[in-house]
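Written out below as structure tokens is the structure these notes cover.
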Amino acid sequence: MRKRGVEMKRNEAFNSIAELYDEVRPSYPDKLIEDIINNTKITSESSLLEIGPGTGKATIKLAEKGFKIHGVELSENMAKLLREKCTNYPKVEVEVASFESWQPKNDEKYQVIYCAQAFHWIDKALSYKKCHELLGDGGYLALFWYQPVSERSEL
């Protein structure tokens with residue numbers, strides 16, 4: 001029951017700020033997206049699973065390249081904003097559920113599972129195990145976060 005309560009608090013928090021989150025959250029560098037594509041060797045026929053896509057900062061970057069993406073988002077309001085953004089990307093599907101409780105249709109396997117800024121919210125007792133079970137042979141798990149830089153440098 002405790003886990004369900006944590007999911008509900010997460011959902012309520014993100015539901016209440018979905019539009020603000022979308023407005024202020026920066027996107028991801030094109031170089032990062034290119035590195036993921038090049039290192040995983042995915043093609044437009046590959047199936048990608050995004051955990052916690054939020055309002056789609058990473059989703060849109062990959063959707064623009066024609067990838068088939070299935071997003072699992074806990075917040076109904078964030079999922080709604082993402083669906084609105086993806087009307088021109090028919091290969092993007094967004095489902096509202098917690099990753100912990102979500103199950104793929106027809107035991108689908110994914111070439112890449114990725115998560116931007118949200119993997120730390122998932123129950124650690126099952127996060128990596130479930131990803132391993134959902135990946136096809138030779139599949140990849142790509143996790144990325146923003147890291148603040150406290151000092152100025154040329155980088």
Side-chain angles (χ1 to χ4, degrees), residues 7 10-11 14 17-75 77-150 153-155:
E7 284 176 14
R10 257 189 317 182
N11 182 24
F14 285 103
I17 62 161
E19 290 181 10
L20 177 62
Y21 179 96
D22 188 52
E23 182 181 321
V24 300
R25 173 70 74 178
S27 188
Y28 296 96
D30 291 337
K31 176 73 169 114
L32 171 66
I33 302 304
E34 290 302 323
D35 284 349
I36 292 169
I37 294 167
N38 293 334
N39 286 309
T40 61
K41 311 252 187 304
I42 51 178
T43 69
S44 61
E45 301 304 311
S46 300
S47 289
L48 284 64
L49 174 65
E50 184 174 10
I51 301 168
T55 61
K57 298 295 182 172
T59 317
I60 298 301
K61 294 267 186 175
L62 288 158
E64 289 172 340
K65 299 190 178 301
F67 292 107
K68 177 183 173 193
I69 302 167
H70 187 96
V72 178
E73 172 55 49
L74 183 60
S75 165
N77 290 341
M78 288 193 158
K80 180 180 179 235
L81 284 173
L82 178 53
R83 285 184 192 114
E84 289 169 4
K85 289 181 180 181
C86 289
T87 55
N88 292 327
Y89 305 110
K91 293 169 73 175
V92 175
E93 180 181 356
V94 183
E95 193 170 344
V96 176
S98 71
F99 179 69
E100 292 90 340
S101 65
W102 175 79
Q103 291 298 318
K105 297 175 184 120
N106 304 319
D107 295 321
E108 185 168 3
K109 300 292 184 188
Y110 299 89
Q111 285 75 35
V112 171
I113 297 173
Y114 68 100
C115 185
Q117 295 288 113
F119 204 71
H120 61 283
W121 292 109
I122 300 170
D123 181 354
K124 289 175 184 20
L126 74 87
S127 57
Y128 289 102
K129 181 180 185 296
K130 187 166 185 175
C131 287
H132 176 76
E133 292 167 356
L134 292 168
L135 284 169
D137 292 339
Y140 291 86
L141 175 61
L143 306 174
F144 45 103
W145 288 265
Y146 292 107
Q147 295 296 319
V149 177
S150 61
S153 72
E154 289 183 29
L155 291 175

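- Y128 is not listed as a side-chain neighbour of I122, based on a closest heavy-atom distance of 4.5 Å or more.
- To the nearest 0.5 Å, the span separating CD on E95 from CD on E73 amounts to 11.5 Å.
- You'll find the side chain of L134 reaches within 4.5 Å of the side chain of P104, heavy atoms only.
- With sequence neighbours excluded, no residue satisfies side chain to side chain donor-acceptor pair (under 3.5 Å) with Y110.
- Residues satisfying the side chain to side chain donor-acceptor pair (under 3.5 Å) test with D30, not counting sequence neighbours, are K61.
- Applying the 6.0 Å contact sphere to CG of D107 captures no more than 12 heavy atoms from other residues, nucleotides or ligands.
- Applying the salt bridge (charged side-chain N to carboxylate O under 4.0 Å, His left out) rule to E93 yields the partners K105; only residues at least two apart in sequence or on another chain are considered.
- Salt-bridge check for K65 with E34: passed, with a basic side-chain N closer than 4.0 Å to an acidic carboxylate O.
- Note that the OH atom of Y114 and the CZ atom of F119 stand 14.5 Å from one another [nearest 0.5 Å].
- Looking at V72 and L49, their side chains come closer than 4.5 Å, going by heavy atoms from C-beta outward.
- Residues satisfying the salt bridge (charged side-chain N to carboxylate O under 4.0 Å, His left out) test with K129, not counting sequence neighbours, are E133.
- One distance of note links CD1 of I60 with CG of L82; it measures 6.0 Å at 0.5 Å rounding.
- Salt-bridge annotation for E45 and K91: absent, with no side-chain N of the basic residue lying under 4.0 Å from a carboxylate O of the acidic one.
- Every salt bridge (charged side-chain N to carboxylate O under 4.0 Å, His left out) that E84 has, sequence neighbours left out, goes to K80.
- For K41, the salt bridge (charged side-chain N to carboxylate O under 4.0 Å, His left out) criterion is met by no residue, not counting sequence neighbours.
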